[in-house]
Amino acid sequence: MSRTTAPAPADRKDGATAPTGLTHGLKQRHLSMIALGGVIGAGLFVGSGAGIAAAGPSIVLAYAISGVLVMLVMRMLGEMSAANPASGSFSVHAERAFGPWAGFTAGWAFWFLLCVAVGLEGIGAANIMTGWFPGTPAWAWVALFMLVFCGTNLAAVKNFGEFEFWFAALKVGAIVLFLGIGVLAITGVLPGSDAPGTANLTGDGGFFPHGSEGLIVGLLASVFAYGGLETVTIAAAESEHPVQGVAKAVRTAMWRIAVFYIGSMAVIVTLVPWGDKAVVEKGPYVATLDHLGIPAAGQIMNVVVLVALLSAMNANIYGASRMACSLVARDQGPKALGRTFGGVPRPAVLVSCVVGFGCVLLSYWSPDKAFIWLLNTIGAIILVVWFFIAASQLVLRRRTEREAPETLVVKMWGFPVLTWVALAGMLAVFVLMAREEGTRVQLYSTGALTLVLAAIGLALQKRRGTAPATPTPAGNPTPSETVTDEA
């Protein structure tokens, strides 16, 4: 009997297509919080200030537009991942749809993005720590964080799940508390505050103070702030019930995150004048709490931002290691990276951490050249990944309807119309990036990296004579993610 038609192990009736050797230690509560917390990071707590400064009150519209795009992308990814849970997630789906070159391109581009992001988050967390402990070297804090989370990810996957569960719970709790305080202040119920009405929304230049150009800048900033949701579909393959887990996590996370993001922006621009310099200098959340006279607001939010950064480090090390392991399992990377020990791809974890720390060292050795090049290169990778997701769903949906319709437990809304709408939206963002001087170099750098990876992937595919794989019904192991357990 071929591996393609072999039945799933008796204890895996719902069938995850994780590479052989990985365990299934994540529970549904882990997945739910990973989905909620994975996208709530420093980009929301701090980086959104630049978007508010550029777009003014229309930042709410920018986040709403980009939020709709992200919801469509996650629905498509949820459909494919529920039908075929895989630790390689969209990389596996791209390979099934278009061939190994597509999986290679999407997978290694995402791995590179996560590794660089690990370094960036380490630098951000270290900057907070040096503010609390003046005179301590930032690199030492980064090294400490790297050791902690490398150790966490080298242990059983349930340890990663527990860390992320509590990290995400704190972040979600902070957002809910902020929204609650904001609503009380807007309605004039909060002691010591008066209802602001629409003064900050319509005054000082109106809802679009910088016109369409400001809205475009805010839109670009908001698109990239949503990156991080993809990790839940990677983690789902190591959960107790992959099909049910990813379906539930995707369904519940999308609208909650939209409420958190769009709701937060609405509260901020309603309560604080968008031109207040503190929105950028301190961050919009701190500026809002200071404006309301909340005691110790700055330090409270610094703790939340630190947790957000550490959570992102932890999640990105995990995501990078699993993506690398999946790629190796499909014969698209160095064999050593795919070895598992105790159910964990420890070589992939170590290499991902080393690359991440190398990015940190570059920020010290060559901040104006090599480090800036890294930042520009990863600038639009998440959009490339989303494009692969949408294009793959167009192909795999029809194929799955023919060959395994029972696996479509999550379905994309309005298929194929909304899938084409999402693709058009991504192309529009690419065009907007090419128009803006600040993002044009990022678009070109990411494009160059993508072309190089695609060329390498095509060369490997041609040499091996491989073709796109057909989807395997959930419950059957996927040959493209099979790797020997070296534990």
Side-chain angles (χ1 to χ4, degrees), residues 37-60 62-63 66 117 120-134 138 141 167-168 170-183 185-186 190 193 196 200 204 209 214 217-228 257 259-313 375 438:
V39 74
I40 302 175
L44 174 62
F45 288 118
V46 180
S48 56
I52 293 172
S58 67
I59 192 68
V60 178
Y63 270 89
S66 56
L120 296 177
E121 287 138 6
I123 293 171
N127 289 338
I128 293 176
M129 296 304 295
T130 54
W132 289 341
F133 301 96
W141 288 110
F167 276 152
L170 193 150
K171 291 187 290 184
V172 170
I175 292 285
V176 171
L177 181 60
F178 176 84
L179 289 174
I181 292 172
V183 170
I186 290 171
L190 188 71
S193 65
N200 293 324
D204 194 17
V217 175
L219 179 63
L220 293 176
S222 64
V223 165
F224 299 109
Y226 280 109
I257 288 170
V259 169
F260 290 160
Y261 269 75
I262 300 168
S264 292
M265 293 302 105
V267 165
I268 291 165
V269 296
T270 301
L271 292 173
V272 183
W274 66 268
D276 190 336
K277 292 182 179 179
V279 171
V280 176
E281 294 172 355
K282 296 182 178 180
Y285 288 79
V286 174
T288 303
L289 295 176
D290 280 344
H291 183 77
L292 296 176
I294 306 297
Q299 291 306 319
I300 292 171
M301 286 310 302
N302 272 337
V303 172
V304 174
V305 172
L306 177 64
V307 169
L309 288 165
L310 296 180
S311 169
M313 282 186 72
L375 295 182

Query raised in the report: Do we see a donor-acceptor contact under 3.5 Å between the side chains of Y63 and S48?
Result: no
Report summary line: When every non-hydrogen atom of A297 is compared with those of L289, the smallest separation belongs to CB-CB, 3.3 Å
Query - From I59, V279, T288, residue fulfilling side chain to side chain contact (heavy atoms under 4.5 Å, CB included) relative to V269 - result: I59
Report summary line: Closest heavy-atom pair, L310 versus A125, reported as atoms and distance to 0.1 Å, is CD2-CB, 4.1 Å
Query raised in the report: Any side-chain heavy-atom pair from V172 and F260 closer than 4.5 angstrom?
Result: yes
**Report entry** Any side-chain heavy-atom pair of N127 and W141 under 4.5 Å
**Finding:** no
Report summary line: Residues at least two apart in sequence or cross-chain that pass side chain to side chain contact (heavy atoms under 4.5 Å, CB included) with V304, listed by chain then number, are F45, L170, A174, M301
Query raised in the report: Do the non-hydrogen side-chain atoms of W132 and L306 ever get within less than 4.5 Å of each other?
Result: yes
Report summary line: Heavy-atom closest pair (G218 atom, A62 atom, distance to 0.1 Å) is C-CB, 3.7 Å
**Report entry** Any side-chain heavy-atom pair of Y285 and S264 under 4.5 Å
**Finding:** yes
Query - I268 side chain reached by F178 side chain, heavy atoms, under 4.5 Å - result: yes
Query raised in the report: Where do A53 and V280 come nearest, in terms of heavy atoms and distance?
Result: CB-CG2, 3.7 Å
Query - For the student: nearest non-hydrogen atoms of A266 and T270, plus distance - result: O-OG1, 2.6 Å
Query raised in the report: Taking the side chain from W274 and the backbone from D204, do they hold a donor-acceptor pair closer than 3.5 Å?
Result: yes
Query raised in the report: Does S311 use its side chain to pair, donor to acceptor, with the backbone of V307 at less than 3.5 Å?
Result: no
Requested in this report: For residues A138 and A126, report the shortest heavy-atom separation together with the two atoms involved.
Outcome: O-CB, 3.4 Å
Query - Close side-chain approach of N200 and V272, heavy atoms under 4.5 Å - result: no
Report summary line: In this structure, OG of S193 is separated from CD1 of I181 (nearest 0.5 Å) by 10.5 Å
Query raised in the report: Is any side-chain heavy atom of I128 less than 4.5 Å from a side-chain heavy atom of L309?
Result: yes
**Report entry** Test item: V267 and I186 side chains (from C-beta on) under 4.5 Å apart, heavy atoms
**Finding:** yes
